[in-house]
Amino acid sequence: MTRRSPREFEPEKSRPPALLSVDGLRVSLRSRTRMLPAVQEVSFSMQRGEILALVGESGCGKSLTAQALLGLVGKNSLGQVEGSIRFKDRELTDLSEREMRAIRGREIAWVSQDPMTSLNPVYPVGAQIAEVPWLHQLCRTRNQARGVAERWMDRVGIPDPALRARDYPFAFSGGMRQRLVISMGLSGEPDLIIADEPTTALDVTIQAQILDLLHDLRAQTGCAILLITHDLGVVAQWCDAAMVMYAGRIVEKAPVGELLANPTHPYTQNLLASVPTPGHRRPLQPIPGQAPALEDIPSRGCPFRERCALARAACEVHMPDLVGSAVHRVACWDREVKA
Ligand SMILES: Nc1ncnc2c1ncn2[C@@H]1O[C@H](COP(=O)(O)OP(=O)(O)OP(=O)(O)O)[C@@H](O)[C@H]1O
Ligand SMILES: [Mg+2]
């Protein structure tokens with residue numbers, strides 16, 4: 001079987017220029033004895049207005065990928081980032097910390113799992129949200145910035161924003177705090193929001209409200225959203241396309257409908273078999289074994305082979321490339337996606 005590089009499948013000329021283009025991203029973390037590869041050969045692109053999911057088991061490298069995109073790894077002694085991250089025609093890996101600070105919050109916003117990591121408990125929320133348009137010089141006066149903050153609080157569904165702007169974070173429920181963080185993210189009018197498990201800490205009703213909100217805001221503002229989650233239900237309902245990550249690598253990428261209808265990598269199939277599907281009563285099958293810890297990721301071959309029912313000799317030797325059609329790609333020696 002001759003394998004072609006993924007690039008050969010890409011009809012580049014017919015596509016609008018990507019908002020974000022990641023090529024060969026690699027994040028290594030320093031251990032006492034060596035650099036450990038936590039994210040390897042991650043390549044993908046995002047269009048404006050797209051909601052792309054990044055899914056995978058705990059510890060597979062989702063947050064590190066996001067942190068690398070935000071320029072938060074590699075600037076300290078812990079990690080090292082290699083590869084290319086092109087965002088709106090700029091190579092982010094070439095930018096200084098000062099230049100990245102101007103992009104973070106303004107052009108790429110971050111919504112984390114725990115709103116209290118973004119909200120300062122000792123300042124009123126309105127002042128904190130207003131800081132974003134003020135620092136990024138989207139307003140000429142502090143008063144204008146406060147007005148922008150209140151408008152965003154209103155848009156994300158905080159009642160009485162003029163009054164509530166004066167309250168401190170503790171006076172809001174978990175769901176409301178996450179709305180505040182989203183309004184803070186959006187008040188910089190970003191082109192890309194990276195939302196890292198934004199609803200994991202919330203109950204299902206509030207989770208649905210927050211994801212609905214992100215979905216609506218995408219429609220209103222045209223921003224793209226990279227949604228990190230381990231919840232395939234969230235992927236099915238709110239995302240356009242999804243990337244499945246295992247042991248630091250993307251093993252499958254496809255539009256969501258296609259991925260759910262035709263999961264091709266054995267890991268994706270196992271993931272789907274391990275969660276309930278609405279309307280289907282079937283026994284759930286947990287994935288046998290567990291994902292390798294960072295220090296145990298094999299230096300060659302497919303890292304999923306230990307848990308894979310289809311593993312064969314080739315899987316011990318080389319990691320397969322992510323190949324397939326322009327829209328559906330998979331990294332598995334046993335699988336070929338039909339164009
Ligand atoms: N600051 C750090 N120092 C040491 N190891 C780290 C650090 N950050 C991440 N790691 C390790 O890198 C690997 C990937 O971590 P990452 O946080 O990206 O996983 P994740 O997919 O986001 O998991 P989760 O779903 O639990 O959030 C893990 O093995 C983790 O222990
Ligand atoms: Mg994480």
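The residues of the chain are indexed from 1 along the displayed sequence. Just follow the structure's listing: the first ligand is 1, and inside any ligand the first atom is 1.
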Exercise for the section: Of the side chain and backbone of Leu29, name the one, both, or neither that has a heavy atom under 4.0 Å from an atom of ligand 1. Expected result: side chain
Handout entry: Any N, O or S atom of Ser63 closer than 2.8 Å to the Mg ion (ligand 2)
Key = yes
Exercise for the section: Look at ligand 1 and say whether Cys60 reaches it with a heavy atom at a distance under 4.0 Å. Expected result: yes
Is the side chain of [X] donor-acceptor paired with the backbone N or O of [Y] at a distance under 3.5 Å, no angle test?
X: Thr268; Y: Thr264; result: no
X: Glu82; Y: Leu25; result: no
X: Arg177; Y: Met116; result: no
X: His265; Y: Ala331; result: yes

Provide, to 0.1 Å, the distance between [atom] and the closest protein heavy atom, together with that atom's residue and name.
atom: atom 27 (O) of ligand 1; answer: Ser63 OG, 3.9 Å
atom: atom 28 (C) of ligand 1; answer: Gly59 O, 3.7 Å
atom: atom 2 (C) of ligand 1; answer: Leu78 CD2, 3.7 Å
atom: atom 24 (P) of ligand 1; answer: Ser58 OG, 3.6 Å
atom: atom 30 (C) of ligand 1; answer: Leu294 CD2, 4.8 Å
atom: atom 25 (O) of ligand 1; answer: Lys62 NZ, 2.8 Å
atom: atom 18 (O) of ligand 1; answer: Leu64 N, 2.9 Å

Practice task
Could you tell me whether atom 22 (O) of ligand 1 has at least one protein heavy atom nearer than 4.0 Å?
Solution key: yes
Practice task
Look up atom CD in Glu197 and atom OG1 in Thr229, then write down how far apart they are to the nearest 0.5 Å.
Solution key: 5.5 Å
Practice task
Please name the residue in the list Arg218, Lys253, Arg48 that meets the salt bridge (Lys or Arg N to Asp or Glu O under 4.0 Å) test with Asp240.
Solution key: Arg218
Exercise for the section: Decide, yes or no, whether a salt bridge links Glu252 with Arg329 under the criterion of side-chain N to carboxylate O below 4.0 Å. Expected result: no
Exercise for the section: Mark up the atoms of ligand 1 that fall under 4.0 Å of a heavy atom belonging to Glu197, in ascending order. Expected result: 25 (O)
Exercise for the section: Could you tell me whether Arg164 sits above the aromatic face of Phe172, with NZ or CZ closer than 6.0 angstrom to the six-membered ring centre and within 45 degrees of the axis? Expected result: yes
